[in-house]
2 protein chains.
Amino acid sequence: MSRKRITSKELAELVGVSSATISRAFSPDARIGEETRSRILAAARKYGYQPNAIARSLNNQRSRLVAVVVNAIGNPCEAEEQQLLVHALQARQLLPIILCCGDHSDRLQLMRLAATYQVDHVVIFSDMVSLRDAVDIFPTTKPIIVSFEPLDNEEVSAIRIDGSAAADEVVDRLVANGKSRFTYLSGTSSSWIDKLRRKWFADALARRGLAFVAEATGTYSYDSGFKEAVPLVHRSKADAIICGNDVMAIGARDAVKRVLGKSAPDDVAIVGQDGIAMAAWDCHDLTTLSLDHVAFINAVVELIERHEAGDDKPDTITLTCSIRWGATA
Amino acid sequence: MSRKRITSKELAELVGVSSATISRAFSPDARIGEETRSRILAAARKYGYQPNAIARSLNNQRSRLVAVVVNAIGNPCEAEEQQLLVHALQARQLLPIILCCGDHSDRLQLMRLAATYQVDHVVIFSDMVSLRDAVDIFPTTKPIIVSFEPLDNEEVSAIRIDGSAAADEVVDRLVANGKSRFTYLSGTSSSWIDKLRRKWFADALARRGLAFVAEATGTYSYDSGFKEAVPLVHRSKADAIICGNDVMAIGARDAVKRVLGKSAPDDVAIVGQDGIAMAAWDCHDLTTLSLDHVAFINAVVELIERHEAGDDKPDTITLTCSIRWGATA
DNA sequence: CACCGTTGTGCAAACGTGTACACAGACGCG
DNA sequence: CGCGTCTGTGTACACGTTTGCACAACGGTG
């Protein structure tokens with residue numbers, strides 16, 4: 001058991017070449033004799049040599065690390081995108097460093113720590129972190145890829161999401177089914193994406209001379225959906241609840257059924273947002289504004305590839321939401 | 001906008017000291033004048049200087065990176081543990097590199113890539129990767145922390161899980177409720193943890209002179225639980241299904257209710273394993289063998305802290321499962 | 001004053017790569 | 001043969017830190 005990792009100079013000694021030649025053997029398009037290369041690779045396998053990526057990063061000025069800033073890992077709302085992104089990165093020999101910024105803790109400190117590792121790219125899924133801070137903390141050539149919607153900024157690439165058309169269609173159908181007392185259950189009052197999502201529906205209602213008759217704020221969790229739904233319906237006699245995400249919608253639906261004894265589509269319509277896989281489960285069958293997660297991550301990856309290729313010009317990509325019609329609205 | 005990151009030597013020039021002194025200013029217990037330190041820290045803030053962690057890692061031989069090997073990110077079964085672990089690492093100024101090994105792809109290649117980054121610790125949540133490979137790929141002083149159960153190996157620390165007592169109690173109650181035709185729905189045939197979980201229940205049954213009357217294999221997913229449950233019950237007239245994880249149990253329960261038209265606790269009892277948060281949702285209220293995720297991650301973190309402190313002696317910690325009684329059994 | 005311990009700082013050498021430059025040999029061509 | 005081109009390799013430096021060693025300045029003690 002070799003406790004210590006072997007270095008390129010030591011391997012060079014063993015093979016009888018210089019350490020530069022070792023390096024060349026691992027560089028696909030370097031000038032090196034075919035015979036020498038295979039001799040080196042054989043020896044490398046034998047002694048378990050692998051080039052040290054830390055040293056390489058220092059020399060190259062490229063770490064092949066990517067900071068991925070998220071709210072939380074378990075959260076189903078983001079989990080599918082995280083999974084897809086990590087796979088896409090790994091396929092490109094990039095390694096993700098996950099930063100969980102969801103809770104109270106000092107996110108800025110955390111991002112600064114990641115910045116010291118000279119990450120090549122930064123992908124921000126969390127709208128808990130302000131664009132300003134992100135630009136401050138990662139000032140280096142490699143710009144930032146941000147999802148969701150703060151104000152415009154020339155220095156970052158962004159992916160925008162537009163669900164206004166889908167929201168319009170949902171409201172249309174609900175009104176046709178006789179709904180008129182709409183309420184909104186938001187996930188947090190402080191996030192841009194939450195305001196944006198609410199606005200899609202508020203605008204759709206306004207276009208028909210309607211408005212939310214009541215609102216409440218939860219925490220994006222099942223429990224908060226469950227807890228907030230009851231008083232919300234009580235005090236407003238709501239016949240429709242639009243939720244800030246799918247998990248809260250599931251919670252609200254449970255509360256409406258179990259606590260209030262009302263039926264989900266008929267007495268109170270419930271609409272989620274995200275389009276998580278769970279929404280399609282038989283026990284939920286949730287109507288929800290759904291984002292195409294694959295397209296979303298493809299957009300992110302496309303931006304990353306441009307950065308890899310040296311194109312630093314920021315760009316904005318906009319995706320639209322589709323609707324998954326379920327049994328709840 | 002400074003496109004380029006400032007280096008310690010440049011800052012030294014600016015402040016009028018040597019780069020060594022810069023380094024000392026950031027090292028809490030270094031010999032340096034109080035006045036000099038504050039002057040340096042002020043200048044660092046002004047010019048946005050942060051020590052380069054890559055260079056430091058090269059010098060220190062410690063990267064403060066941790067490889068976390070998982071099956072998938074979205075997977076609720078592991079998500080809670082991942083979340084807790086990432087938080088614990090971040091609190092200790094360690095950064096996690098996530099490796100998703102769940103799918104077919106070349107996991108070994110992926111792990112080798114992470115190994116080149118000289119990670120300080122390796123935490124393996126995935127039982128898709130063999131212990132042998134792990135030891136091969138991360139031979140360096142810092143040993144490996146593995147969860148779940150392959151055969152014994154002297155070189156790694158492990159966390160074992162024992163649900164036999166809990167399984168026994170569950171079987172007890174089911175038998176008392178008149179159940180006798182038990183079936184098992186496993187998540188995959190190839191994983192150690194799956195075999196182990198099945199064995200807990202098989203042993204509990206054997207102790208009462210019973211055995212599984214039928215078995216099936218899914219993929220740990222909701223869909224596979226839904227799909228496998230129907231033929232399983234049909235061909236065996238089962239009155240109890242023990243599932244390899246909670247998500248499959250939820251799928252099985254839906255199938256039993258919707259497709260077969262049977263009621264969950266009375267006609268067919270359903271038991272999950274994992275104790276994911278979702279199991280407690282009102283719409284599921286699943287009976288499940290539950291692991292204390294916090295205790296689990298505390299154990300992992302304890303091992304990591306020992307390694308940090310330089311104690312390389314491997315150790316094994318065993319945790320027991322508790323039972324969450326729900327409405328499904 | 002001679003001596004010594006303490007404090008603050010600079011010099012220089014690592015850490016393990018990648019790569020520009022130099023150079024030796026082989027080869028082709030006039 | 002003389003010359004230019006191409007191939008394969010070595011030498012040396014840079015990447016940005018940390019840290020052992022040396023040393024100067026200083027203050028206290030006999």
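Residues of residues 6-16 of chain A that place a heavy atom closer than 4.0 Å to DNA chain C, in numerical order, are A:Thr7, A:Ser8. Residues from residues 19-34 of chain B lying near DNA chain C, meaning a heavy-atom separation below 4.0 Å, are B:Ala20, B:Thr21, B:Arg24, B:Arg31, B:Ile32, B:Gly33 in numerical order.
B:Gln82 places a side-chain N or O within 3.5 Å of a backbone atom of B:Ala72 that can act as its donor or acceptor partner. Side-chain N or O atoms of A:Glu81 include none that pairs as donor or acceptor with a backbone N or O of A:His293 at under 3.5 Å. A donor-acceptor pair under 3.5 Å is absent between the side-chain atoms of A:Asp106 and the main chain of A:Leu108, judged by distance alone. With B:Arg107 contributing its side chain and B:Cys101 its backbone, the two residues share a donor-acceptor pair below 3.5 Å. Under a 3.5 Å cut-off, the side chain of A:Asp194 and the backbone N or O of A:Gly187 do form a donor-acceptor pair. At distances below 3.5 Å, at least one donor-acceptor pair connects side-chain atoms of B:Asp120 with backbone N or O atoms of B:Ser63. Counting only distance, with no hydrogens or angles, the side chain of A:Arg24 and the backbone of A:Ala30 share no donor-acceptor pair below 3.5 Å.
In this structure, B:Leu58 places its CG atom 4 Å from C1' of C:dC15, rounding to the nearest Å. If you measure from atom CG of B:Asn52 to atom C1' of C:dC15, you get 13 Å, rounded to the nearest angstrom.
Taking the side chain as every heavy atom from C-beta outward, B:Leu14 and B:Ile6 approach each other to under 4.5 Å. Using a 4.5 Å heavy-atom cutoff, the side chains of B:Leu65 and A:Tyr117 are in contact. Residues B:Val86 and B:Gln90 meet the side-chain proximity criterion, which asks for heavy atoms closer than 4.5 Å.
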At a cut-off of 3.5 Å, list every protein nitrogen or oxygen paired with a nitrogen or oxygen from nucleotides 24-28 of chain C, distance to 0.1 Å.
none

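Legend: salt bridge (charged side-chain N to carboxylate O under 4.0 Å, His left out) pairs involving residues 59-71 of chain A, not counting sequence neighbours, sorted by first then second residue: A:Arg62-A:Glu308, A:Arg64-A:Glu308.
Ring centroids of B:Tyr49 and B:Phe26 are separated by less than 6.0 Å, placing the two rings close together.
Note that the first and last nucleotides of DNA chain D, 5' to 3', having any atom under 4.0 angstrom from a heavy atom of chain B are D:dG16 to D:dG20.
Taking the six-membered ring for Trp and thresholds of 30 and 60 degrees, B:His121 and B:His307 have nearly parallel ring planes, at less than 30 degrees apart.
A distance of 3.5 Å separates CG in B:Asn52 from CD in A:Gln118, rounded to the nearest 0.5 Å.
For the pair A:Glu35 and A:Ala55, nearest-nucleotide mapping onto DNA chain D gives the more 5' position to A:Glu35.
With the end axes of the helix from C:dC1-D:dG30 to C:dG30-D:dC1 each set by five pairs, the angle from one to the other reads 50° at 10° resolution.
For B:Gln61, no side-chain nitrogen or oxygen approaches OP1 or OP2 of C:dA14 to under 4.0 Å.
Annotation: A:Glu13, atom CD; neighbour count of heavy atoms from other residues, nucleotides and ligands within 6.0 Å does not exceed 12.
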